[in-house]
Every structure is written in structure tokens, then in C-alpha cells.
Amino acid sequence: MKQNRFVRNILLGIENLLLHKLRSFLTMLGVVFGVGSVVAMLSVGEGASKEALEQIRKLGSNNIIISSIKSIDEEAASTAHSHMSIYGLTYEDHDRIAGTINTIKQTAPVKLIRKEARLMSRAMELRVVGTTPQWFELVKRPVLAGRILLDSDIRDKSAVTVLTEFGARKLLATENTIGQPLRIGGDYFEVVGIIKSESGQAGNIQIPDQQVDAYIPIDIARKYFGDIVTRRTSGGRERELVELHQIIIDVDNTDNVESTAVALEQLLNRFHKKKDYQISVPLALLKQAEATKRTFNIVLGSIAGISLLVGGIGIMNIMLASVTERTREIGIRRAIGAKRKQIIVQFLIETVVLSTLGGIVGLGVGVLIPMAITYFTEMPTVLTLLGVLLPLLISISIGIIFGLYPAINAARVDPIVALRHE
Amino acid sequence: MDNESLPARQNDIVRLENAYKIYPMGAEQVNALAGVTISFKQGSFWAIMGPSGSGKSTMMNIIGCLDHLSKGHYILQGHDVSNLDDNALSDIRLKYLGFIFQSFNLIPQLTVQKNIELPLYYLGWDAIESAKRAKELAAMVGLQGRLGHRPTELSGGQMQRVAIARALANDPQILLADEPTGNLDTATGEQILELLAELNRQGKTIIMVTHESYIAAYADKRLHMKDGVIDSIEGNGDEAK
Ligand SMILES: Nc1ncnc2c1ncn2[C@@H]1O[C@H](COP(=O)(O)OP(=O)(O)O)[C@@H](O)[C@H]1O
Ligand SMILES: [Mg+2]
């Protein structure tokens with residue numbers, strides 16, 4: 001019975017709104033656009049930040065990546081003839097880091113080599129990384145065929161290589177390539193495995209395996225190819241001595257990542273005269289991305305708030321006009337015996353029906369926009385339950401908040417004044 | 001103030017005792033009612049007459065529980081309702097009173113049926129019962145075929161019939177009519193009065209404001225107001241009625 005009455009009240013509200021279809025529709029528009037923009041922005045924002053967070057997670061949130069960089073004056077000096085640039089991380093750095101900082105669980109040194117390679121009849125320049133089996137602990141990728149580098153390869157100084165998916169594609173290598181010889185520079189390596197690779201970038205940090213075609217044991221790399229790289233340039237020859245290009249570090253605990261980064265900086269600073277290295281902390285990026293998301297949410301919330309406020313004021317405005325226009329009706333209802341509370345409920349329901357309807361239509365618009373964005377731009381968008389429920393809840397609240405004043409105004413109508421002959 | 005209040009009798013349905021309605025007008029005061037004492041008996045039919053501004057509408061508003069007295073008492077069916085709050089007065093209007101207005105005061109957007117059902121809606125009747133009752137009432141006032149029409153599609157006389165049906169929906173004790181024929185031509189006005197007289201014969205107490213003596217002739221009692229006080233009472237009904 002009570003329920004029935006509530007439903008009848010809502011039906012009465014809808015009936016009244018249908019009497020002024022165009023006006024109701026126009027009044028709703030503010031809320032439609034308000035809610036629509038909230039839903040759309042939430043879903044675009046959620047999609048963007050989800051992608052960013054995923055990228056960072058791929059780097060490993062417990063990892064720290066130290067990279068060698070050429071300092072500015074080294075860059076300037078290298079233009080001189082027959083100058084050799086010496087910079088970057090050293091084998092000693094790696095040993096010191098692994099040996100002195102006890103929050104570090106494991107490390108992987110990275111030596112980058114570009115060499116002509118040949119597999120069967122196919123020749124290519126490959127990007128080869130000399131590293132240790134720890135790499136595969138730190139940059140976990142599924143094995144597609146064969147195996148990864150093992151401790152025994154290091155111990156036995158085996159000339160073996162593991163291809164990445166990129167490298168395998170370049171060389172047209174398949175499962176059948178396992179066991180075959182791959183010539184790198186002038187030396188032969190046995191292909192022992194192919195692993196999956198990831199591409200992408202998080203902030204300014206590249207995913208470690210993005211530019212890698214093949215892995216070989218670091219000691220072999222050093223023995224076969226040395227540390228000096230000679231490049232022919234237009235001005236002549238350019239020589240560089242870089243021992244390690246990267247050191248990837250796995251910290252034992254997420255809480256220790258930042259303090260470890262500080263300790264690394266201090267340690268390296270002691271042994272490097274020039275700033276020829278750079279420390280990247282994915283976790284810091286993660287935190288930065290989260291902070292950016294928070295800021296984004298605040299900005300978004302404000303924009304949404306303003307547009308919903310405008311929508312709400314629009315509704316209030318129309319409802320106030322409607323109350324004035326319907327003074328006589330209110331007077332009649334009051335004279336017949338309607339209580340003030342019942343008049344308030346009647347007008348409040350009308351406003352809430354209006355704003356909720358606006359909210360539902362807005363939700364439809366707000367869901368279509370991100371779908372269209374994803375369809376046309378491949379930008380990811382994510383529709384969360386909260387992203388749907390929140391705007392609906394807000395539109396209902398808008399109806400109540402902005403409907404209350406007109407409804408109270410309606411209840412204040414004095415039937416004697418309202419019914420006086422015109 | 002001379003309070004020559006008569007003792008309230010059992011069959012007094014409406015009784016005003018030394019009733020004042022005072023409106024402040026700047027420094028002055030307007031006494032719309034200036035000490036009225038009168039009893040209306042159950043089942044009587046009254047016409048209230050008097051020049052414009054004499055306090056007729058004010059008296060109707062008080063009796064109709066739409067307004068409060070400034071001073072004095074209003075006793076409705078033996079209960080002093082002078083000091084009730086807005087909610088309680090609304091409840092009395094809903095359950096015991098029916099209003100008929102000069103300008104009909106139907107809700108133009110609602111059909112005849114919905115207009116008649118309006119009091120039932122606030123009484124909490126369910127939709128089916130309400131529709132049934134609306135149909136009966138429409139038949140009673142001679143509007144059986146018109147339930148689906150809007151008020152604007154009806155003549156003045158028909159609109160007033162709808163208003164009467166609506167006033168009867170809650171089966172009230174008292175019908176209050178402020179110039180019910182003011183907007184109608186003579187013939188239609190007389191038809192409406194016939195209907196009211198019939199309702200009075202069925203037991204409704206009717207209090208009606210009118211300017212026209214041929215309309216007032218339908219009532220058993222005529223109360224003449226002047227400057228907020230009772231000027232005279234004439235009646236053809238017996239005292240006991
Ligand atoms: N709300 C009001 N404020 C001030 N004066 C009023 C108000 N209502 C009525 N009056 C005054 O009270 C007197 C009686 O009015 P009313 O009862 O409407 O007379 P009637 O219906 O007999 O023409 C008039 O002088 C009128 O001006
Ligand atoms: Mg009047």
C-alpha cells in the first residue's frame with residue numbers, strides 16, 4: 001500500500017513532466033551534459049591511468065634501473081679527432097652495488113653491443129645484451145621455445161644466445177632454430193631459446209627488453225667484443241669505452257626502494273667524477289602517476305561539479321517558475337486537504353524524476369563517448385561500476401538539493417491567496 | 001467586550017464565539033470580523049449576504065479551516081479548532097469539509113475523473129476504489145459521459161458540477177460555497193442550486209455566500225453581514241432544524 005503510493009507519486013510526477021515535454025527536456029539537458037561529461041571523463045581518465053600504471057608495473061615496482069649516459073662535456077670533447085670517450089657504469093660499480101647495499105636482493109648488469117649477425121643465409125645488425133641469468137628474474141618473460149641463460153652457461157663460459165621475439169622475427173628464427181649456430185660479429189653462438197618480449201615506455205623509462213634482439217652471457221661478451229666501440233661518423237672515427245650500459249636492481253621490499261635509490265646515488269657519486277649515469281625508479285614514476293591521477297580526478301571533479309551545479313541551477317530555476325505558474329493548483333490541493341509535506345513531496349519527486357532521467361540519458365551519452373573514442377583512437381577507456389553509479393547518485397542528489405527550495409516555496413503557498421478570484 | 005455567547009447546543013455543527021479577524025493595515029487595523037457569535041445547525045442551508053468587504057469571505061475561510069481567528073473561538077462539531085496547527089487543519093479539510101468556488105478551481109491538466117479523485121488521493125484510497133467512486137459521483141451530478149474530458153472542454157455549469165462532485169468525494173459533513181453561481185448564467189445557476197438543495201435534503205450542511213437574493217432564496221437561513229459584524233438573520237427554517 002505504502003509502496004503503491006510511492007509509485008503513484010512517481011507516476012504523477014512523470015505525468016506532470018509530460019505535460020511540458022519540451023520544457024522538461026530542455027531542463028534535463030544541463031544534467032544530461034553534466035552527467036555525460038562526468039561518465040566520459042571518468043572512463044577516459046581511468047583508461048589512461050590504467051595503461052600508465054600497467055606500463056610501470058611491467059618495469060617492476062621493486063626495480064631500480066641505472067643507465068650510463070654521456071655527460072655534456074664528454075659529448076663536446078668527442079667531436080675532436082681520435083678522442084676516446086670513457087664514461088658510464090663499470091664492472092666495479094656493479095660488484096660494489098651488489099656487495100655493499102644489503103637491501104638489494106639481486107642485480108643484473110647490462111652490456112649493449114651492436115653487431116652484424118648471420119643466421120643461415122639471413123644477415124642483420126642485432127642489438128645484443130650481455131648479461132647474467134639474474135636478468136631473467138628481474139625482467140620476467142615467458143619462454144616461447146628452448147630455455148633462458150643459466151648459471152651453468154656463466155660457469156662453463158658457454159657461447160650461447162637467447163633470442164627475444166624481436167630478434168627471432170628479424171632473423172626469421174623459429175622453434176627449429178634452437179641448437180643452430182648464430183654468428184655474431186666473428187663468433188658463433190648456439191641459439192638455446194626464444195623468449196617473449198614486451199614493448200612500451202613508462203614515463204621516460206623504456207621497458208628494459210624493448211631494444212634487445214639477443215642475450216649472451218656477459219663474460220663472453222666482454223671476452224669476445226671488449227669494451228671499446230668504434231663508430232664511423234662523417235668527421236672520422238668516434239671511439240667510446242663503456243663497460244656497462246645498465247644495471248638493473250631488484251630491491252627486497254617495496255618500502256626500501258626509495259632509500260636504496262638514495263644509497264645508490266651516494267655510492268656512485270663517490271666513484272664518478274662526472275654525472276655519467278642516471279637512476280630511474282619505476283616506483284617513483286608509479287607514485288607520480290598516481291599523484292597525477294589524483295590531480296586529474298580533482299580537476300575532473302571540479303569541472304563535473306560545475307557542470308552539474310549549472311544543471312542543478314537550471315532545474316531549480318524552471319521548478320521555481322513552475323511553482324509560480326502552478327500556484328493555483330497548489331492552492332486547490334491545499335484547500336482540499338493536502339498537507340505541506342505532501343506538496344513538498346510532490347514537487348520534490350517531480351524534480352528528482354527530472355534529474356534522474358537526465359542522469360540516465362547522460363549516462364547513455366557518457367558511455368557512448370568513450371566507446372567512440374576507443375573505437376576511433378584505440379585509446380583505452382575503462383567503465384567502472386563506481387563511474388556509473390556515482391553520476392547517477394549525484395543526479396538524484398541534485399534533484400533533491402535543487403528541488404528542495406522550489407518545493408518548500410510551493411508548500412508555503414497560502415491557499416486563500418492562491419484561490420482568490422482572478 | 002460583551003460576550004453574549006449562547007450555550008452551544010448538541011446539533012450545532014459550526015459555532016463561532018466572539019470571533020475576530022484583525023488585519024493590521026499600517027498604523028490602522030481592519031476588523032474583517034469584529035466579534036461574531038453564531039451557530040450553524042447540522043443539516044441547515046445558509047446563505048451569507050452583505051456588501052463587498054463586509055467579511056463574508058473571511059468568515060468562509062475561517063469556517064473552512066483555511067485561516068485562524070485573531071481572537072475568539074471556532075467550535076467545529078463540538079471541538080475547539082481555533083488553535084490547531086496547519087497539519088491538523090489540513091486533516092479537517094480533508095475529512096469533514098467540501099469546497100465549491102466561484103471560479104470552479106479545477107486543475108486544468110487533469111481529467112474530470114482525476115479532478116474528482118483528488119481528495120481520495122490524499123485520503124490514501126487505492127486507484128481502483130477511487131475510480132469507482134469518481135464514476136458514481138459523476139453520475140450523481142449528471143456528468144456520466146465526461147470522465148475523460150479536460151475541464152477546458154466543459155461548460156461553466158458542467159465545471160461547477162465537477163467541482164461539486166469533487167467536494168463530495170470525501171463525503172463531507174459540511175459544504176462551503178463562496179458565490180458558486182457567480183460565474184454562471186441564471187438558468188445554469190438555478191440548476192446548480194437545485195443540486196445543492198438536493199444535497200441539503202440528503203443531510204449535508206451547506207454554507208453559501210451569494211449576492212443574489214433569488215439564489216439566497218434556496219437557503220433556509222440568510223445571514224446579513226456588515227462591517228465584520230452580523231447585521232441581521234432571517235430564516236424560513238424552523239429553529240430546531
Ligand atoms: N489578507 C488581507 N489583508 C488585509 N485586509 C484584508 C485581507 N483579507 C480581507 N481583508 C479586508 O477585510 C475586509 C473583509 O474582506 P472580505 O472578507 O474579503 O469581504 P467580502 O468577502 O465580504 O467582500 C475587507 O475590508 C478587506 O479589505
Ligand atoms: Mg468575498
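Owing to the predicted nature of the structure, the values given are computational and were not obtained by experimental measurement. Within every chain, numbering begins at 1; the chains are lettered A, B, ... in the order of the sequence lines, protein sequences first and strands thereafter.
- Contacts of Asn87(B) with chain A are made by both backbone and side-chain atoms, with heavy-atom separations under 4.5 Å.
- Between the side chains of Arg328(A) and Asn105(B), at least one donor-acceptor pair of N or O atoms lies under 3.5 Å.
- Minimum heavy-atom separation, Trp125(B) to Arg8(A): O-NH1, 2.8 Å.
- For Ile128(B), the CD1 atom is loosely surrounded, since the number of other residues' heavy atoms within 6.0 Å does not exceed 12.
- Within 6.0 Å of CD in Glu28(B) there are 12 or fewer heavy atoms belonging to other residues, nucleotides or ligands.
- Two residues are said to be in side-chain contact when any heavy atoms from C-beta on lie closer than 4.5 Å; Glu329(A) and Gln109(B) meet this criterion.
- The shortest heavy-atom contact between Phe99(B) and Ala335(A) is CE1-O, 3.3 Å.
- Residue-environment remark: OH (Tyr405(A)) stays at or below the threshold of 12 foreign heavy atoms within 6.0 Å.
- Between Asp86(B) and Arg334(A) there is a salt bridge, since at least one side-chain N of the basic residue sits less than 4.0 Å from a carboxylate O of the acidic one.
- Heavy atoms closer than 4.5 Å to chain A are found nowhere in Ile92(B), neither backbone nor side chain.
- Between Ile332(A) and Phe101(B), the closest side-chain pair of non-hydrogen atoms is not below 4.5 Å.
- A 6.0 Å sphere centred on NZ of Lys114(B) holds no more than 12 heavy atoms belonging to other residues, nucleotides or ligands.
- The most heavy-atom pairs under 4.5 Å with chain A, out of Asp67(B), Ile107(B), Leu110(B), come from Ile107(B).
- In this structure, CG on Asp85(B) lies 10.0 Å from NZ on Lys339(A), to the nearest 0.5 angstrom.
- Heavy atoms of other residues, nucleotides or ligands lying less than 6.0 angstrom from CG of Asn409(A) number more than 12.
- Between atom CZ of residue Arg340(A) and atom OG of residue Ser90(B) there is a gap of 7.5 Å, rounded to the nearest 0.5 Å.
- We find the OG-CD1 distance between Ser57(B) and Ile416(A) to be 9.5 Å, quoted to the nearest 0.5 Å.
- Of the atoms belonging to Ile336(A), heavy atoms from both backbone and side chain fall under 4.5 Å from chain B.
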